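Notes follow the structure.
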Amino acid sequence: MIDQEKIKCAVKLLLEGIGEDPAREGLAETPDRVARMYAEIFAGMEEDVSLPLSKVFSGDGDGMVLEKDITFYSVCEHHMMPFYGKAHIAYIPDGKVVGLSKLARTVEIYAKRLQLQERLTGQIADAVMRYLSPRGVMVLLEAEHMCMTMRGVKKTGSKTLSIAARGVFEGDSALQEQFFQMLKV
């Protein structure tokens, strides 16, 4: 459970730590604003990913289904700075399909937690495999990390890509190539 009172206290201490006066007019309500913001951006901590993926439909197609360009925003656990980008999810049904918005919702739930991009990629792939039971799934995330662009090496525009393949995608280079070709469309 997100404890907004603890967040408010922490923000007040942080403001003092950087030499600010938390009682100053422009900052007096900042701890409350940050607490509400954290409740929103970390809402995935309290959400069950099985819910969106539990609504499935019978489907007799066996071709690849690709949902691409799913925008996501997350927060890196190393520096607690944002990273954001696009998720691309392909799966090959095995008798069941899911509403496409449910894939986007799955991305959102996992992204709204302290994350590592690599973990996020695997969690999405594992959830689709677990709850949809497709023949296989492939997930590609491409993201820009503020810890790379705003601080440290300051390499604006650099992208990090991460891939997870499960089921039939794992050992089938032709299937993987089809996934990458579909991303170009």
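Quick note: numbers below take in every heavy atom, side chains included, and nothing from hydrogens, waters or symmetry partners. Not measured: the values here are computed from a predicted model.
Between atom CD1 of residue I163 and atom CD of residue Q176 there is a gap of 7.5 Å, rounded to the nearest 0.5 Å. The OG1 atom of T106 sits 10.0 Å away from atom CG of L51, with the distance rounded to the nearest 0.5 Å. Here the SG-CG distance, from C76 to L114, works out to 8.5 Å after rounding to the nearest 0.5 Å. For the atom pair L100 CG and E67 CD, the distance stands at 4.5 Å (nearest 0.5 Å). For the atom pair CE (M138) and CD (E170), the distance works out to 10.5 Å, reported to the nearest 0.5 Å. How far CD of E144 is from CE of M150: 12.0 Å, rounded to the nearest 0.5 Å.
Residue-environment remark: CD (E40) stays at or below the threshold of 12 foreign heavy atoms within 6.0 Å. Atom NZ of K55 has 12 or fewer neighbouring heavy atoms from other residues, nucleotides or ligands inside a 6.0 Å radius. Within 6.0 Å of atom CD in Q181, more than 12 heavy atoms from other residues, nucleotides or ligands are found, so the atom counts as buried in its surroundings. At most 12 non-hydrogen atoms from other residues, nucleotides or ligands lie less than 6.0 angstrom from CG of D62. Within a 6.0 Å radius of OH in Y73, other residues, nucleotides and ligands contribute 12 heavy atoms or fewer. Annotation for M37: atom CE counts as buried by contact number, over 12 foreign heavy atoms lying within 6.0 Å.
Between P82 and M146, the closest side-chain pair of non-hydrogen atoms falls below 4.5 Å. I92 places a side-chain heavy atom less than 4.5 Å from the side chain of L175. Taking the side chain as every heavy atom from C-beta outward, L53 and L132 never approach each other to under 4.5 Å. Counting heavy atoms from C-beta on, the side chains of V128 and V98 never come closer than 4.5 Å. At least one side-chain heavy atom of M64 sits less than 4.5 Å from a side-chain heavy atom of F169. Within the 4.5 Å cutoff, side-chain heavy atoms of H88 are placed close to those of E142.
Judged by distance alone, with hydrogens and angles left aside, the side-chain atoms of E46 form a donor-acceptor pair with the main-chain N or O of I2 at under 3.5 Å. No donor-acceptor pair under 3.5 Å is formed between the side chain of Q4 and the backbone N or O of A39. Under a 3.5 Å cut-off, the side chain of K112 and the backbone N or O of A43 do not form any donor-acceptor pair. In terms of modelled atom types and a separation under 3.5 Å, the side chain of R113 and the main chain of G44 share a donor-acceptor contact.
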Which is it for L140 and F179 under the side-chain contact (heavy atoms from CB on, under 4.5 Å) test, yes or no, and what are the steps along the way? CA-CA 10 Å; L140 170 68; F179 169 79; 3.9 Å; yes
So D21 and L27, side-chain contact (heavy atoms from CB on, under 4.5 Å) or not? Walk me through it. CA-CA 8 Å; D21 175 8; L27 295 176; 5.8 Å; no
I would like to know whether K86 and T71 meet side chain to side chain donor-acceptor pair (under 3.5 Å); could you show each step before the answer? CA-CA 5 Å; K86 304 280 184 183; T71 302; 2.9 Å; yes
Verdict with reasoning, F83 to T160, per side-chain contact (heavy atoms from CB on, under 4.5 Å): CA-CA 10 Å; F83 68 96; T160 300; over 6 Å; no
Begin from the C-alpha positions of E108 and F72 and carry the test side-chain contact (heavy atoms from CB on, under 4.5 Å) through to its verdict. CA-CA 6 Å; E108 185 174 287; F72 71 90; over 6 Å; no
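Note on Y84: it does not cluster hydrophobically with I70, by side-chain heavy-atom contacts below 4.5 Å among ILVMFWY residues. Put simply, M80 and M45 are part of the same group of oily side chains (I, L, V, M, F, W, Y) that touch within less than 4.5 Å, one to the next. Two different hydrophobic clusters hold V139 and V168 under the rule that ILVMFWY side chains link at heavy-atom gaps under 4.5 Å. When hydrophobic clusters are built by joining Ile, Leu, Val, Met, Phe, Trp and Tyr residues whose side-chain heavy atoms come closer than 4.5 Å, directly or via intermediates, L103 is not grouped with M182. In the hydrophobic cluster analysis, where Ile, Leu, Val, Met, Phe, Trp and Tyr join through side-chain heavy atoms closer than 4.5 angstrom, F57 is grouped together with M129.
Judged purely by distance below 3.5 Å, without hydrogens or angles, the side chains of S162 and Q117 pair a donor atom with an acceptor atom. Side chains of K96 and S58: no donor on one and acceptor on the other come within 3.5 Å.
The two residues G63 and P93 come nearest to each other via the heavy atoms O-CD, 3.2 Å. Across all their heavy atoms, P52 and D48 have their closest contact at CD-O, 3.6 Å. The shortest non-hydrogen separation linking A35 to K8 is CB-CG, 3.8 Å. Of all heavy-atom pairs between A23 and A28, the closest is O-CB, 4.1 Å.
Of the residues listed (L141, V49, L120, I89), the one engaging V107 in a side chain to side chain contact (heavy atoms under 4.5 Å, CB included) is I89, and it is the only one.
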